[in-house]
Amino acid sequence: MTLTVIDRADAFHKALEAERQAGRSVGLVPTMGYLHAGHTSLMRRAAAECDVGAATSFVNPLQFAPTEDLAAYPRDPEGDRAKAAAAGVDIFFAPPIDEMFPEPPRTAVTVAGLSEILEGKSRPSHFAGVATVVTKLFALAGPCRAYFGEKDYQQLAVIRRLVQDLSLPVEVVGCPTVRDTDGLALSSRNAYLTAAERAVAPALYRALSAGRRLIEEDHETDPAAVRAAMHTMITAEPLMTLDYTEVVNAADLAPLSTISGEVRLLIAVRLGRARLIDNMGAAT
Ligand code: AMP
């Protein structure tokens, strides 16, 4: 099947409905475009595990605060179509803003408890914007498997919970983070980095790896010690401004008094014009 590009919401809905009517399963990959190998790894997996691979590209204004980079967010619609086709996507939905939101929506989906912590402290309206648009994309797509990256670990937790709470007919699949050879997690926002900033960016991966080693090899059970070790490595980089280093329960992102079982290490920094986030799992 060659790539069908759709920019109308009802046409997208009908196309996926027709596939299901014909007995074919649908795999969905929501993105904001400017595709890289992280996005295409999700698309390849959706295409491999489902009969029809669908991807969306929509830079969602609801998830950007007025001070953030909505206008500057990098875009490459032609390149995106070629990369999606090469990754096995059959149906590519790339709506203009007024197709998704002909009027500013009065309805918001908020996932309380998961949205105010970590990223939510710096970006208070971000996850409501994400949850609202993802709920809308799920409504348009209909029953499907939906593939999301662990790169945005808190986002994945928010989406799993909204699907559970609202009984949406979607099976959420979390996929591993794709990294550059030096460990930097691929991100559309890496395009903002100067050469000097790009050179120090792998410090996030190194700090997370050191945190994981502390837990898994040195059997450190004090979350403050792991946070402090990551904090020291990040603040040693003069170009980076630390937002947070955290160690939380991997399932519900709850704070820990003692490290035990499956945990998640998370870091957010500002580096030049970019805000970079990354995370890694560790287990005792
Ligand atoms: P975005 O376009 O940044 O909104 O990302 C769209 C989807 O791709 C989300 O599910 C992200 O978690 C996922 N994603 C982004 N970067 C990566 C990466 N480096 N590895 C795996 N998945 C990623």
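One-based numbering, in listed order, for ligands and for the atoms of each.
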Check each atom of ligand 1 against the heavy atoms of L186 and keep those under 4.0 Å away; list them by number with element.
-> 16 (N), 17 (C), 18 (C), 19 (N)
Looking only at protein heavy atoms, identify the closest one to atom 5 (O) of ligand 1 and say how far it is in Å.
-> H39 NE2, 3.4 Å
Please identify which atoms of ligand 1 are closer than 4.0 Å to at least one heavy atom of H36.
-> 15 (C), 16 (N), 17 (C)
Give a yes/no on ligand 1: does S57 have at least one heavy atom closer than 4.0 angstrom to it?
-> no
Per-atom filter on ligand 1: closer than 4.0 angstrom to a heavy atom of L42 are 7 (C), 8 (O), 10 (O), 13 (C), 22 (N)
List the closest protein heavy-atom neighbour of atom 10 (O) of ligand 1: residue, atom name, distance to the nearest 0.1 Å.
-> G149 N, 2.9 Å
Should you measure from each heavy atom of P30, which atoms of ligand 1 turn up under 4.0 Å away?
-> 6 (C), 7 (C)
Could you tell me which atoms of ligand 1, counted from 1 in the order shown, lie closer than 4.0 angstrom to a heavy atom of T31?
-> 2 (O), 6 (C)
Of all the non-hydrogen atoms in the protein, which one sits nearest to atom 12 (O) of ligand 1, and at what distance?
-> D152 OD2, 2.7 Å
May I ask you to decide if the ring planes of Y73 and F64 are parallel, tilted or perpendicular, using 30° and 60° as cut-offs?
-> perpendicular
Rounded to the nearest 0.5 Å, what's the gap from CD on E171 to OH on Y147? Could you check?
-> 7.0 Å
Which heavy atom of the protein is the closest neighbour of atom 20 (N) of ligand 1, given with residue, atom name and distance?
-> V178 N, 2.8 Å
Kindly confirm or rule out an N or O of S41 lying under 3.5 angstrom from an N or O of ligand 1.
-> no
Looking at E68 and R123, does any basic side-chain N land under 4.0 Å from a carboxylate oxygen?
-> yes
dist I97:CD1 -> L62:CG (nearest 0.5 Å) comes out at 9.0 Å
Under the side chain to side chain donor-acceptor pair (under 3.5 Å) rule, what pairs show up with a residue in residues 200-220, not counting sequence neighbours?
-> none
Is the shortest distance from a heavy atom of P176 to ligand 1 less than 4.0 Å?
-> yes
For atom 4 (O) of ligand 1, which protein heavy atom lies nearest, and how many Å away is it?
-> M32 CG, 3.6 Å
May I ask you to decide whether E17 forms a salt bridge with R20, counting only side-chain N to carboxylate O separations under 4.0 Å?
-> yes
R273 with E197: basic N within carboxylate O range, under 4.0 Å = no
Got the closest protein heavy atom to atom 23 (C) of ligand 1, with its distance?
-> K151 CB, 4.0 Å
Donor-acceptor contact present, side-chain T221 to main-chain I259, <3.5 Å | no
What are the two closest heavy atoms between A185 and T177, and how far apart are they?
-> CB-CG2, 3.7 Å
Ion pair present between R24 and D90, side-chain N to carboxylate O less than 4.0 angstrom?
-> no
Please could you name the atoms of ligand 1 that F148 approaches to less than 4.0 Å, counting only its heavy atoms?
-> 10 (O)
